[in-house]
Amino acid sequence: ALIPGFYLWRWGQSFHFAPRNEDEEFHASIKRYEHFVASQLGIPMDKESLAKREYNILDVGCGIGGPLRSVAKFFKFRAHVTGINITQEHIRRAKRYNEQAGVKNYTLVHGDFNSIPRSDNFFDAIYDFEAILHSTDRLKTFREVYRVLKPGSRFVTAQYCLLSPYDPKSEHHKDIIRRVDNTNGCYCSGQTTELTTKNLEKAGFK
């Protein structure tokens with residue numbers, strides 16, 4: 001419970017960063033970013049379309065459900081959001097916070113995002129906020145996400161990637177990445193934008 005407690009103190013209920021505008025309050029930037037991601041999922045936002053059928057959305061590595069609640073509210077509770085997370089304590093907290101926020105159109109799954117317990121082509125849209133970067137095999141995870149996503153649907157992901165100024169021969173640069181990995185429990189070493197793009201393409205994404 002220590003890590004969720006620290007993250008709650010620093011980040012609130014959404015365990016991710018966000019592009020921040022000048023003079024923008026931190027939590028406002030988080031909420032704006034979550035709404036932007038929701039708007040990119042390809043789910044219709046008009047009341048008439050949402051009333052025709054239920055759209056299923058997957059939150060990969062949902063944490064304690066901050067983004068899940070934000071996305072559910074963005075679609076006026078007319079889309080069903082499933083969150084999967086490997087940490088049972090996170091699932092328990094997410095359920096409690098969902099109840100407090102009045103969110104009912106959700107499912108929480110305690111499980112591994114490399115083995116999502118859903119059939120092929122199940123979800124209408126999938127997103128993750130800096131969750132898959134914790135995977136030891138991003139290609140494997142991308143392939144699993146592709147498996148459960150309906151053909152032609154969208155996957156919106158936030159990844160840590162090494163940009164072109166990074167020098168793999170620089171001890172200073174390597175030390176920065178080591179500290180990022182060690183303090184965040186992620187695997188950024190060697191993860192260039194080119195490699196990440198290739199892995200997404202290998203998984204089937206265009």
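Bear in mind the structure is a predicted one, so any value in this text is a computation, not a measurement. For the numbers below, each heavy atom of this structure counts, side chains included, while hydrogens, waters and symmetry mates do not.
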Spell out, yes or no, whether Val103 and Ile91 are grouped together once hydrophobic residues are joined by side-chain heavy atoms under 4.5 Å, including indirect joins. yes

Between Glu201 and Lys198, does at least one N-O distance fall below 4.0 Å, as a salt bridge requires? no

Taking the ring centre of each residue, are Phe77 and Phe75 less than 6.0 Å apart? no

CD1 (Ile86) and NE2 (His110) are apart, to the nearest 0.5 Å, by 6.5 Å

So which heavy atom on Pro67 is nearest to which on Asp59, and how close? CB-OD2, 3.9 Å

Compare all side-chain heavy atoms of Ile176 with those of Arg179 and state whether any distance is below 4.5 angstrom. yes

If I take atom CZ from residue Arg154 and atom CG from residue Leu41, how far apart are they, to the nearest 0.5 angstrom? 8.5 Å

Locate the shortest heavy-atom distance separating Ser29 from Ala18; write the atom from each residue and the value. O-CB, 3.5 Å

Any chance you could lay out the ring-ring contact (aromatic ring centres under 6.0 Å, His included) test for Phe129 and Phe17, step after step, and finish with the verdict? CA-CA 8 Å; Phe129 284 94; Phe17 292 103; over 10 Å; no

I need the Asp137 CG to Arg143 CZ distance, nearest 0.5 Å. 8.0 Å

With side chains defined as the heavy atoms from C-beta onward, is the minimum distance between Leu68 and Tyr97 less than 4.5 Å? no

Cut-off 3.5 Å, side chains only: do Ser49 and Asp46 have a donor facing an acceptor? yes

Cut-off 3.5 Å, side chains only: do Tyr187 and Asp181 have a donor facing an acceptor? no

When the ring planes of His90 and Phe15 are compared, do they come out parallel, tilted or perpendicular, using 30° and 60° as the limits? perpendicular

Check whether any side-chain heavy atom of Asn56 sits under 4.5 Å from a side-chain heavy atom of Lys150, and report yes or no. no

Kindly indicate, with the supporting measurements, whether the criterion side chain to side chain contact (heavy atoms under 4.5 Å, CB included) is fulfilled by Asp167 and His172. CA-CA 9 Å; Asp167 181 0; His172 176 61; over 6 Å; no

Would you check if there is a donor-acceptor pair between the side chains of Ser14 and Glu34 at a distance under 3.5 Å? yes

Within the 6.0 Å centroid threshold, strictly below: Phe155 and Tyr146: no

What's the shortest heavy-atom distance between Gly63 and Asn85, and which atoms? N-OD1, 2.8 Å

Does Glu171 come within less than 4.0 Å of Lys174, counting only side-chain N to carboxylate O? yes

Using side chain to side chain contact (heavy atoms under 4.5 Å, CB included), reason through Phe123 and Thr82 one step at a time and then give a plain yes or no. CA-CA 9 Å; Phe123 291 101; Thr82 297; 3.9 Å; yes

Pair Glu54 + Arg78, salt bridge at N-O below 4.0 Å: no

Nearest heavy-atom approach of Glu144 to Arg147 is OE2-NH2, 2.8 Å

Gly190 to Leu195 - nearest heavy-atom pair and separation: O-CD2, 3.4 Å

About how many Å separate SG of Cys161 and CG of Leu133, when rounded to the nearest 0.5 Å? 9.0 Å

Taking a hydrophobic cluster as the set of Ile, Leu, Val, Met, Phe, Trp and Tyr residues connected by side-chain heavy atoms closer than 4.5 Å, whether directly or through intermediates, do Ile126 and Phe36 fall within one such cluster? no

Run through Glu130, His134, Gln191 and flag the one making a side-chain hydrogen bond (donor to acceptor under 3.5 Å, both in side chains) with Tyr160. Glu130

Between Asp124 and Ser153, a side-chain donor and acceptor under 3.5 Å: no

Within this structure, what is the CG-NZ distance for the pair Asn105 and Lys73, rounded to the nearest 0.5 Å? 11.0 Å

Check for me, please, whether Tyr106 and Val109 land in the same ILVMFWY cluster - side-chain distances under 4.5 Å, paths through other members count. no

Stepwise side chain to side chain contact (heavy atoms under 4.5 Å, CB included) check, Ser135 with Asn114: CA-CA 9 Å; Ser135 172; Asn114 286 313; 4.3 Å; yes

Do Tyr55 and Val145 share a hydrophobic cluster (ILVMFWY, side-chain heavy atoms under 4.5 Å, transitive)? no

Heavy-atom side-chain proximity of Leu58 to Val60 below 4.5 angstrom: yes

As a quick check of understanding, evaluate salt bridge (charged side-chain N to carboxylate O under 4.0 Å, His left out) for Arg32 and Glu24, giving each step before the final call. CA-CA 10 Å; Arg32 174 182 53 76; Glu24 186 176 28; 2.8 Å; yes

Side-chain heavy-atom pair Lys31, Ser70 within 4.5 angstrom cut-off: yes

Test item: Asp175 and Arg178 side chains (from C-beta on) under 4.5 Å apart, heavy atoms: yes

Of the non-hydrogen atoms in Leu108 and Asn98, which two are nearest, and what is the gap between them? CD1-ND2, 4.2 Å

Beyond-backbone contact of Phe74 with Met45, side-chain heavy atoms, under 4.5 angstrom: yes

Quick one: are Thr193 and Ser164 in side-chain contact, heavy atoms under 4.5 Å? no

Residue pair Gln13 / Arg93, side-chain donor-acceptor N/O under 3.5 Å: no

Hey, any chance Ile116 and Phe142 share a hydrophobic cluster, counting ILVMFWY side chains that come within less than 4.5 Å of each other, even indirectly? yes

Rounded to the nearest 0.5 Å, what separation is found between the CD atom of Gln159 and the OG1 atom of Thr196? 6.0 Å

